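Heads up: the structure comes next, in structure tokens.
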Amino acid sequence: MNEPLVLGIETSCDETGVGIVRGHTLLADAVASSVDEHARFGGVVPEVASRAHLEAMVPTIERACETAGVRLDDVDAIAVTSGPGLAGALLVGVAAAKALALGLGKPIYGVNHLAAHVAVDQLEHGPLPEPCLAMLVSGGHSSLLEVDDVTVGVEPLGATIDDAAGEAFDKVARLLGLPFPGGPHIDRAATSGSSVYVDFPRGLTSRKDLERHRFDFSFSGLKTAVARWVEARERAGEPVPVADVAASFQEAVCDVLVRKALDAATTRGIEDILIGGGVAANSRLRAMATERAADLGIRVRVPRPGLCTDNGAMVAALGAELVARGRTPSALDLPADSSQPITTVVA
Ligand code: KG4
Ligand code: ZN
């Protein structure tokens, strides 16, 4: 029998993603991004994102089907991000998915965006190790999760108590005069800078903080430290060494992320770490995690950058796994839930 053919729709933030997956095989991953429309605001504007999703939805579905060489009739199930994310943006995807499911007479799965970030790695590296420790780092979230079966649930171990990791990259990039979204620009600038130029603070790593927040993150203090450092330079009339500040900031973020992920994996006796979300595209994070984990006999899996940022393939990948494991679909009146808890995989 053929593995399930699933179409996945992602609209939780500023990417309209439509992916088509057969089992663990990626057939199409069409993404239309409204990121350029938000750039001048320095962050995603929800209303602008919703309108862009509406305009991009049908052409992106058509493009995905064309690339995959399938007709909508061939699809066995529709999966869609039901949350968490921007309410208006989610609604566009959920409405489109319902229309498809109803029109085609196929089941619909409203899935958790974070679980989809985990499931996507199956498309690149095969079945997920069970259990695995997932570190999801993006513009909207930074969490450490224990995943035993991604179709059933994930256990949150820790999360950011203020800014998300990607948010910190974006804000610091702005301070340094780099364009939005800042992560890739900091990554690039850092390659020619010194990571030990400034010793920026590592949030929530003091002994006292570890008692209450062992697996939690905090990046707002780091962002403030960078701002103060840059201001002091500017007040003194000295040029800001952008590459060095970018490299030192990036080192501080990666150091904390990797330390806490490894601590969590060791404590829980988990031998596989999966990193996902937009910040997982960061070259220093990938290198540092792989290097330090190897010393502890821990394996690290990171999907290729295009699968780390938001896309439809990740939603289709989770959908295909739900179908393959015989999980119950959502009701056709499923809601878009902007604060869908990470423990709810299928809405
Ligand atoms: O997962 P994603 O596409 O969207 C959200 O769900 O937020 O992540 C976008 C975030 C942005 O903050 C962006 O600056 C960051 O991921 N990002 C990076 C890199 N590429 C994207 N951060 C650091 N280094 C990168 N290479
Ligand atoms: Zn995301």
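Both counts, for ligands and for their atoms, begin at 1 and track the order of listing. In what follows, residues are counted from 1 in the order of the sequence shown. In this text the structure is predicted, and so the values were computed from the model without any measurement.
Using a 4.0 Å cut-off between charged nitrogen and carboxylate oxygen, Arg207 and Glu211 do not count as a salt-bridge pair. Between Asp255 and Arg259 there is a salt bridge, since at least one side-chain N of the basic residue sits less than 4.0 Å from a carboxylate O of the acidic one. Between Asp29 and Arg63 there is no salt bridge, since none of the side-chain N atoms of the basic residue sits less than 4.0 Å from a carboxylate O of the acidic one. Residues Asp216 and Lys260 are not paired through a salt bridge, judged by the lack of any N-O separation under 4.0 Å between the basic side chain and the carboxylate. Under a 4.0 Å N-O distance rule, the pair Arg268/Glu155 qualifies as a salt bridge.
Phe169 has its ring centre less than 6.0 Å from the ring centre of Phe249.
Every atom of ligand 1 with a heavy atom of His117 under 4.0 Å away is listed here by number and element: 1 (O). Near Gly166, meaning under 4.0 Å from one of its heavy atoms, ligand 1 places the atoms 12 (O). Residue Gly278 has at least one heavy-atom neighbour below 4.0 Å for each of these atoms of ligand 1: 1 (O), 2 (P), 8 (O), 16 (O), 17 (N), 18 (C), 19 (C), 20 (N), 21 (C). Under a 4.0 Å criterion applied to the non-hydrogen atoms of Ala281, ligand 1 contributes the atoms 20 (N), 26 (N). Near Gly140, meaning under 4.0 Å from one of its heavy atoms, ligand 1 places the atoms 7 (O).
Here CD1 of Ile273 is found 11.5 Å from CZ of Arg292. Values are rounded to the nearest 0.5 Å. Rounding to the nearest 0.5 Å gives a distance of 12.0 Å between OG1 of Thr160 and NE2 of His141. We find the CE-CD1 distance between Met57 and Ile61 to be 5.5 Å, quoted to the nearest 0.5 Å.
Scanning the protein heavy atoms around atom 18 (C) of ligand 1, the nearest turns out to be Gly183 CA, 3.5 Å. For atom 26 (N) of ligand 1, the nearest non-hydrogen atom of the protein is Asp187 OD2, 2.9 Å. Scanning all protein heavy atoms for the shortest distance to atom 6 (O) of ligand 1 gives Asp310 OD2, 3.1 Å.
If you look at Cys13 next to ligand 1, there are no close heavy atoms at all, none under 4.0 Å.
Polar contact with ligand 1: present for Gly139 (N/O pair, distance under 3.5 Å). For ligand 1, the polar-atom distance check against Gly277 finds no nitrogen or oxygen pair separated by under 3.5 Å. At under 3.5 Å, not a single nitrogen or oxygen of Pro181, backbone or side chain, sits near a nitrogen or oxygen of ligand 1.
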Mind running salt bridge (Lys or Arg N to Asp or Glu O under 4.0 Å) on Lys98 and Asp333 for me, showing each step along the way? CA-CA 8 Å; Lys98 286 178 180 177; Asp333 64 351; over 6 Å; no

Show your working on salt bridge (Lys or Arg N to Asp or Glu O under 4.0 Å) between Glu271 and Arg301 and close with a plain yes or no. CA-CA 11 Å; Glu271 292 175 347; Arg301 292 164 55 134; over 6 Å; no

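In plain terms, the two heavy atoms of Leu86 and Ala49 that are nearest each other are CD1-CB, 4.5 Å.
His113 and His117 have perpendicular rings, their planes meeting at more than 60° on a 0 to 90° scale where under 30° would count as parallel.
When Leu114, Asp170, Leu136 are ranked by how near their heavy atoms come to atom 11 (C) of ligand 1, first place goes to Asp170. Of all the listed residues (Asn282, Thr309, Asn311), Asn282 holds the heavy atom that lies closest to atom 24 (N) of ligand 1.
If you look at the Zn ion (ligand 2), the protein N, O or S atoms less than 2.8 Å from it are His113 NE2, His117 NE2, Asp310 OD1.
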